[in-house]
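Protein chains get the first letters and strands the later ones, always in sequence-line order, with residue 1 at the start of each.
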2 protein chains.
Amino acid sequence: MKPLPLSSSAGTGLAMRAVSERFDKIQVPAAYRLVAEAIEREILTGRLRAGEAIGTEAELGRQFGVNRSTVREGIRALEEGGYVSRGPDRRLYASLPRYSRLSSRMSRAMVLHEVTFRELYDATMALEMASIEHACAVITPEMLAELAANIEAATAAQDDPVRLSELDSDFHALLARASGNRVLELAREPAGLLFFPTAELICRRVPEGARRMLEAHRALLEALRARDVKLATTWMRRHLVDWRKGFERAGRDLDEPVERVYARTLAPPA
Amino acid sequence: MKPLPLSSSAGTGLAMRAVSERFDKIQVPAAYRLVAEAIEREILTGRLRAGEAIGTEAELGRQFGVNRSTVREGIRALEEGGYVSRGPDRRLYASLPRYSRLSSRMSRAMVLHEVTFRELYDATMALEMASIEHACAVITPEMLAELAANIEAATAAQDDPVRLSELDSDFHALLARASGNRVLELAREPAGLLFFPTAELICRRVPEGARRMLEAHRALLEALRARDVKLATTWMRRHLVDWRKGFERAGRDLDEPVERVYARTLAPPA
DNA sequence: GTTTCATAGCTTGTCCGACAAAGTCAAACA
DNA sequence: TGTTTGACTTTGTCGGACAAGCTATGAAAC
């Protein structure tokens with residue numbers, strides 16, 4: 001990587017540059033970027049609300065005074081960011097960036113940066129403990145019912161590792177939702193997306209894995225019903241320590257980086 | 001909030017649809033999307049490594065057999081996702097999605113979804129406690145030095161709320177880094193981006209705010225030096241409870257949603 | 001021989017015009 | 001009244017074009 005040439009005008013004999021760096025390089029933002037930012041700003045500030053139509057490409061081009069191609073490039077960026085999406089009629093509508101989209105991007109970034117299972121484990125421990133703690137305080141009958149339904153489904157799927165690990169993911173996602181704290185819910189999701197799928201591996205390799213998982217889930221549900229924070233956190237810790245033991249028993253090392261393999265299971269940009 | 005029309009093919013004259021839903025709507029992915037996915041896949045699977053040149057637009061167009069405009073649209077999406085970036089020479093290089101970029105997107109999503117300061121507070125409590133706990137175990141002399149430097153700068157800036165809140169943000173970001181757990185570091189950042197800037201408000205409104213903040217930071221540093229987990233966590237809790245008191249003393253309500261105002265302070269997509 | 005300069009060439013950002021496919025709407029038709 | 005048809009709109013893609021900026025190559029100067 002070369003040091004960026006400061007400015008083209010420095011090409012001609014400007015040795016006096018050493019004197020002092022008076023001016024920064026002046027940057028001209030590309031037009032498509034300005035278009036994207038303008039629309040994004042409308043949404044961010046609430047002047048454009050989710051679900052509202054944005055207008056046709058041609059119209060936007062007219063408004064901004066740029067070519068349709070330029071508008072299209074700006075829109076691609078917004079689309080990727082989740083700020084706009086196309087309706088069934090292919091038209092453009094403003095929309096709120098969806099958490100799930102961002103979470104899976106984060107997960108993929110983690111994989112690319114080669115975080116280890118230990119990091120995942122430690123972080124998950126902190127986040128799940130916090131989730132269950134808050135859930136104990138505010139959980140609703142509806143969420144309890146959803147958790148119960150999840151456990152029931154898992155009981156029926158005891159011999160299907162794939163389904164079981166999906167249900168495990170769901171169970172913990174439900175817990176986070178039950179905490180009533182969306183920041184927490186959001187914070188745990190990227191890690192959860194990588195962490196819980198390993199349940200499949202464990203269920204395959206460790207005979208009593210599924211049973212212990214279910215036992216823990218049932219105990220957690222009971223503790224939540226009773227709103228017994230102490231019991232709930234104890235079981236959550238046990239549950240996660242169990243995961244760790246299972247992971248190691250399955251012959252894996254906590255200090256391995258999360259494999260790229262998982263990148264495939266993460267929802268590719270829809 | 002309107003349910004976004006996600007994929008309702010129930011558009012027009014498909015009355016015979018009632019008979020039976022034998023076939024799914026067949027979707028032809030747009031070419032620019034295929035281009036984007038192809039390149040993304042190369043990076044995700046590691047065949048294209050960060051820093052490697054991707055090729056010129058014209059060349060890609062030739063390879064994929066599509067027009068340059070189409071390639072450009074695909075690239076806009078990848079650019080937004082952080083998978084490619086342009087070098088100083090404006091050429092395309094593969095790159096790893098950067099955390100910070102994703103974090104600020106998450107923060108903005110939180111603002112749009114109107115999370116409350118209480119949610120932010122509770123989540124931050126969990127995340128900062130975990131960070132400091134792990135940091136106690138693994139912090140390096142270099143990180144201790146960085147924290148000390150931060151405190152020194154803050155001491156010098158006691159009367160500058162803006163600078164002070166920046167340094168507060170940095171301090172906690174450093175702590176997270178010191179934990180050696182990138183998952184944790186990543187998980188806390190979106191919340192941190194919204195949470196810590198409020199220090200400015202508090203320093204402005206609460207006379208002893210700055211002093212107490214500095215006191216806490218110094219105590220945290222000492223505890224880290226001594227690797228005293230108990231002391232460190234105690235101070236962290238106190239520090240955050242202090243924030244909460246200050247926030248309320250400043251006349252704010254924990255159950256307010258985080259204002260859209262903050263959206264402006266979040267790095268706009270550079 | 002090395003340094004400086006200038007030009008040519010490539011690449012990007014933008015524009016223009018065009019066309020097929022798919023969706024919408026409304027008038028015409030049974 | 002309900003369906004069909006057809007005109008109109010909008011998106012996705014293409015081809016070509018040009019100015020601005022960066023690189024490099026070679027020429028000129030020392």
Side-chain angles (χ1 to χ4, degrees), chain A residues 1-17 25-39 53-80 84-93, chain B residues 5-19 23-39 53-80 84-93:
Chain A
M1 196 80 79
K2 246 178 241 192
L4 40 170
L6 270 194
S7 80
S8 56
S9 60
T12 59
L14 287 201
M16 71 281 259
R17 193 185 135 234
K25 173 152 173 50
I26 185 167
Q27 324 222 22
V28 218
Y32 73 85
R33 185 140 287 291
L34 294 178
V35 168
E37 276 165 29
I39 298 177
I54 290 187
T56 68
E57 297 174 353
E59 194 179 307
L60 289 172
R62 204 172 35 69
Q63 282 187 46
F64 287 115
V66 299
N67 193 274
R68 186 162 79 97
S69 311
T70 305
V71 171
R72 283 175 66 78
E73 290 189 35
I75 286 174
R76 289 306 153 238
L78 289 174
E79 232 170 14
E80 191 65 12
V84 314
S85 56
R86 317 211 76 117
D89 52 359
R90 279 171 157 200
R91 279 192 177 72
L92 287 170
Y93 295 91
Chain B
L6 267 195
S7 75
S8 61
S9 58
T12 37
L14 291 200
M16 73 285 258
R17 197 180 136 237
V19 176
F23 296 112
D24 288 338
K25 172 151 174 47
I26 186 166
Q27 332 217 21
V28 222
Y32 73 85
R33 183 140 287 292
L34 294 177
V35 168
E37 275 164 29
I39 297 176
I54 290 186
T56 68
E57 296 174 354
E59 195 179 307
L60 289 172
R62 204 173 35 68
Q63 284 186 45
F64 287 116
V66 299
N67 192 277
R68 186 162 80 97
S69 311
T70 306
V71 171
R72 281 174 67 78
E73 290 189 35
I75 286 174
R76 288 305 154 241
L78 289 173
E79 231 170 15
E80 190 65 12
V84 314
S85 56
R86 318 211 76 118
D89 52 0
R90 277 168 156 202
R91 279 190 176 73
L92 286 171
Y93 295 91

Generate the contact string for nucleotides 4-10 of chain D. Rules: B means base contact, S means sugar-phosphate contact only, - means no protein heavy atom under 4.0 Å. ------S
Regarding D:dG15, can its base be found pairing with the side chain of B:N67 as donor and acceptor, where the two atoms are less than 3.5 Å apart? yes
Spacing between B:E73 atom CD and C:dG13 atom P, to the nearest angstrom: 14 Å
Applying side chain to side chain contact (heavy atoms under 4.5 Å, CB included) to B:V35 and not counting sequence neighbours gives B:I39, B:F64, B:V66
Between C:dT14 atom P and A:Y32 atom OH, what is the distance in whole Å? 7 Å
Under the criterion salt bridge (Lys or Arg N to Asp or Glu O under 4.0 Å), I'd like the reasoning laid out for A:R76 against A:E79: C-alpha separation, chi angles, the key distance, then a yes or no. CA-CA 5 Å; A:R76 289 306 153 238; A:E79 232 170 14; 2.9 Å; yes
Those residues at least two apart in sequence (or on a different chain) that pass side chain to side chain donor-acceptor pair (under 3.5 Å) with B:S85 are none
A:A30 has its side chain closest, among C:dG13, C:dC15, D:dC14, to C:dG13
What pairs meet the salt bridge (charged side-chain N to carboxylate O under 4.0 Å, His left out) rule with one or both residues in residues 58-68 of chain A, with sequence neighbours excluded? A:E57-A:R68
Separation of C:dG13 C1' from A:R76 CZ (nearest whole Å): 17 Å
Interatomic distance, OG1@A:T56 vs CZ@A:R90, rounded to 0.5 Å, equals 14.0 Å
List the residues meeting side chain to side chain contact (heavy atoms under 4.5 Å, CB included) with A:A53, not counting sequence neighbours, and say none if there are none. A:Y93
Rounded to the nearest Å, what distance is computed from the CD atom of residue B:E79 to the C1' atom of nucleotide C:dG13? 12 Å
Nearest-Å distance for atom pair CZ/P, residues A:R72 and D:dC14: 11 Å
Rounded to whole Å, CZ of B:F64 lies from C1' of D:dC14 at a distance of 17 Å
When the distance from CG of B:L34 to C1' of D:dT13 is rounded to whole Å, what number comes out? 13 Å
To the nearest Å, how far apart are B:I75 CD1 and C:dT11 P? 13 Å
Could you give me the CA-CA distance, side-chain angles and deciding distance for A:L60 and A:L92, then say whether side chain to side chain contact (heavy atoms under 4.5 Å, CB included) is met? CA-CA 11 Å; A:L60 289 172; A:L92 287 170; 4.3 Å; yes
Looking only at side-chain N and O atoms, does B:S69 come under 4.0 Å of OP1 or OP2 in D:dG12? no
